[in-house]
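No experiment lies behind these values; they were computed from the predicted model shown. Here is the naming used below: chain letters follow the sequence lines, and residue numbers restart at 1 for every chain.
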Amino acid sequence: MGVEQPKTLGSGFVTTSLDKLVNWSRASSMWPLTFGLACCAIEMMATGAARFDLDRMGILFRASPRQADVIIIAGTVTKKMVPVIKTVYEQMPEPRYVIAMGACASSGGIFDTYSTVQGVDEFLPVDVYIPGCPPRPEGLLYGLMKLQDKIRAERNTFGAAIGVGDVVHNKA
Amino acid sequence: MSDQVIVEKLKEKFSSEVLNIVEFRGETTVTVKKEQIVDICTFMRDDFGYNLLCDLCGVDYLGKAPRFMVVYNLYNITTKQRIRIKAPVEEQDANIDTVSTVWGTANWHERECWDLLGIKFNNHPDLRRILMPADWEGHPLRKDYPLQGPDREPYKGRLS
Amino acid sequence: MAANTETMTINMGPQHPSTHGVLQLILELDGEIVVKATPHIGFLHRGIEKLSEHRTYHQTIPLTDRLDYLAPMSNNLGYVLAVEKLLGITDEIPERVQRIRVIMTELTRLKSHLVWLACHALDIGAMTVFLYCFRERECITDIYEKVSGARMTSNYFRVGGLADDLPDGLEGEIRTFAESIPAHVEEYEGLLTGNRIWQKRTIGVGEISAEAAIDIGITGPALRATGVDWDLRRDNPYSGYDDYEFEVPVRKGCDTFDRYRVRLDEMRQSALIIIQALDKLKPGPILADCPKVVLPPKKDVVNNIESLIHHFKIVTEGFKTEPGEIYQSVEAPKGELGFYLIADGSAYPFRMKIRPPSFVNLQGLPQMVEGKLLADVIAVIGTLDIVLGEIDR
Ligand code: SF4
């Protein structure tokens, strides 16, 4: 018809307000999957326990990928584990986010060997990398807050949710 | 019973099997031929009470003949004594009899040894790969297997 | 109507909240009854044994932290003792070093048992215990951080000594913490031991006889709960353990409940050992006087050319050892942790085989669950106290 289909709902007052609402709800209830791979998972558990208390940020661990929004890759990813992680990731509903926690998940860490994958970004789109071996709980909290910033900066999330256009990622 | 007495008795019973005996830092290592390893292990368990097989592993002496060595670290829970038995295995068609009939714990240790070093254990009840994926090629702990795997250029930024 | 007697196969893990990591179990079920259980491991195989052949003896210490990451210092200790035995300097370790090593490994035992109890209780449905245990664990991670700079991966022990001395004032903190342990253990016991649900889920669950346990090679608290009175700390003492008075808790129930009680008793004993070691702790050197293999103290390095040369050589080339082979094991929180080292005279270990207690203990799982209810599998995984990092290495 000569007219290009709009990619977004536009940036009018109503649509951006709706985007904000969607972003607010997504950022304040990120539910990570309980998915511990190695040592970093223990720090992840410690972050969830009483002293650091993830619950106060609306972050509750879910045991099923179907209910989770965020997958925290906490530990060394081995070649044997790759198909499992892919399956779990695909089982998660959109929108989904990936956090690479620790040196191993980010880059293979100290395990430069035949059996380890040199960073989970070889097969998953990573949103936040958290350095450390293992990262301190504060580090994980900061990473999660970074992810919240990233979610809040997304545009056209409402449009994408009702099937118009795609989410536009802005720099947080 | 001291280690010497045990070794003497072992030599008496299996005189043609014992290859050599080494003492290092107070630990006794007996190297035996692999053919009668099950009998020797049964003898060690029944006559000297080495009821716990602490560890079983393979070692790759690349460039030496015979290339492999299977090592059994035994422990006697009653007398708290240790002894080590070793059996050399040739590279060609590397195999040795399983001792999982003597100590049940050998089952997984032998699977691991097969997985990582490619030493076959005859009559093993379930000889599958244990640590590597089932379709993995090669045996990573062999000395001629590159550390980073065959499909990756080793990282050049450091010495090792 | 003929009954349908087909069995059903279900998969549990590697992504499962109560497999304690990446363990996969294939369970064949007849209704609620487990007919066959097949563990699949290796999802965390990182190649530590191979990697250590390409690292110097000192560079291997951080790798051992990541074996049983719930008890890093026990692994450090096992490895360091093995190298010291290989070098033949076991008798030269200063007394202060041995005491600090004992204090830290007993704290590590507490740390590991706390995580075990937290997860075990959480799996069976007791959430509060999880929060309590992690609260106490944080105290230990704080102590860890003060001595080594890291909350978990400590890398604190060195061949022939320690990385650093205890910081000022920490002894008092450790003492206060150790003295508080019995009360905390009482607290957990108050929540669990008499609890009807806990008893129903653990008594008579996952039974294994002493003979079967020895045949499979089960060690540590799991073996002591079958009535076998064996503890390496007492029977093959290392690091000066013969200097302390402690009991080895033994029970005869062979089930999950008794394994739980053995571990709780061990926590009390660990606290006692820590206090005794603190009482006997005297000032002294923290590195053995073996210039060829042990790093010289820092103040000598800047004042003495010979020390500087030794320091330079050890850091750049590593130290060389006599060819030989040794096996050294320690009583890790999970059982006998052994290091079998072969040296060929170079600065790198020729072969390092780790005997991980969890690897062997997990072998007992099929025997413990077959013929039992599906829900018991969770309890048995918890009671075995496995850590996949050391199973897969
Ligand atoms: S980054 Fe360090 S702590 Fe985390 S999984 Fe890797 S080795 Fe373990």
Notebook entry, point to check: Taking A:Thr113 for the side chain and C:Gly47 for the main chain, is one N or O donor matched with an acceptor at less than 3.5 Å?
Noted result: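 No, the answer is negative, given that no donor and acceptor are paired below the 3.5 Å cut-off.
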Next item on the list: Would you check if the side chain of A:Lys80 reaches a backbone N or O of C:Ile41 as a donor-acceptor pair within less than 3.5 Å?
Entry: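 Flag set: sc A:Lys80 to bb C:Ile41 pair under 3.5 Å.
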Top contributor to chain C contacts, counting heavy-atom pairs under 4.5 Å, from [options]:
options                             : answer
A:Ile42, A:Leu33, A:Val82           : A:Ile42
A:Cys39, A:Ser115, A:Pro65, A:Ala49 : A:Cys39
A:Gly36, A:Ala41, A:Ala46           : A:Ala46

Margin query: Are there over 12 heavy-atom neighbours, none belonging to A:Tyr142, within less than 6.0 Å of that residue's OH?
Written below: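 No.
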If I take atom [atom1] from residue [X] and atom [atom2] from residue [Y], how far apart are they, to the nearest 0.5 angstrom?
X        : Y        : atom1 : atom2 : result
A:Thr76  : C:Leu44  : OG1   : CG    : 5.5 Å
A:Arg136 : C:Thr141 : CZ    : OG1   : 8.5 Å
C:Leu51  : A:Ile110 : CG    : CD1   : 7.0 Å

Margin query: For residues 143-154 of chain C, give me every residue with a non-hydrogen atom less than 4.5 Å from any non-hydrogen atom of chain A.
Written below: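 Those residues of residues 143-154 of chain C which have a heavy atom under 4.5 Å from chain A are C:Glu145, C:Arg151, C:Met152, C:Thr153.
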Next item on the list: Name the option with the most non-hydrogen atom pairs under 4.5 Å to chain A; the candidates are C:Phe130, C:Phe134, C:Tyr132, C:Tyr69.
Entry: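 Result: the option with the highest number of such pairs is C:Tyr69.
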Item checked: Heavy-atom pair count under 4.5 Å with chain A, highest-scoring of C:Asp392, C:Asp65, C:Leu131 ->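 Among the listed options, the one with the most contacts to chain A is C:Leu131.
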Against chain C, label [X] side chain, backbone, both or neither, depending on which of its atoms sit under 4.5 Å from a heavy atom there.
X       : result
A:Phe61 : neither
A:Ile85 : neither
A:Ala38 : both

Notebook entry, point to check: Is the ring centre of C:His45 less than 6.0 Å from the ring centre of A:Phe111?
Noted result: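 When the ring centroids of C:His45 and A:Phe111 are compared, they turn out to be at least 6.0 Å apart.
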Note to self: For C:Cys133, which atoms come within 4.5 Å of any heavy atom of chain A: side chain, backbone, both, or neither?
What the structure shows: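 Neither part, no heavy atoms under 4.5 Å.
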Next item on the list: Go through the atoms of C:Phe43 and report whether side chain, backbone, both or neither lie under 4.5 Å from a heavy atom of chain A.
Entry: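 For C:Phe43, the contact with chain A is made by backbone and side chain together.
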Next item on the list: Would you kindly say whether A:Thr116 and C:Arg46 are connected by a side-chain donor-acceptor distance under 3.5 Å?
Entry: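 No donor-acceptor contact under 3.5 Å links the two side chains.
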Next item on the list: Show the numbers, then the answer: is there a side-chain contact (heavy atoms from CB on, under 4.5 Å) between A:Met81 and C:Val22?
Entry: CA-CA 9 Å; A:Met81 199 63 200; C:Val22 284; 3.5 Å; yes
Margin query: Just to verify, what does A:Arg152 make a salt bridge (Lys or Arg N to Asp or Glu O under 4.0 Å) with, not counting sequence neighbours?
Written below: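 By the salt bridge (Lys or Arg N to Asp or Glu O under 4.0 Å) rule, A:Arg152 matches A:Asp149.
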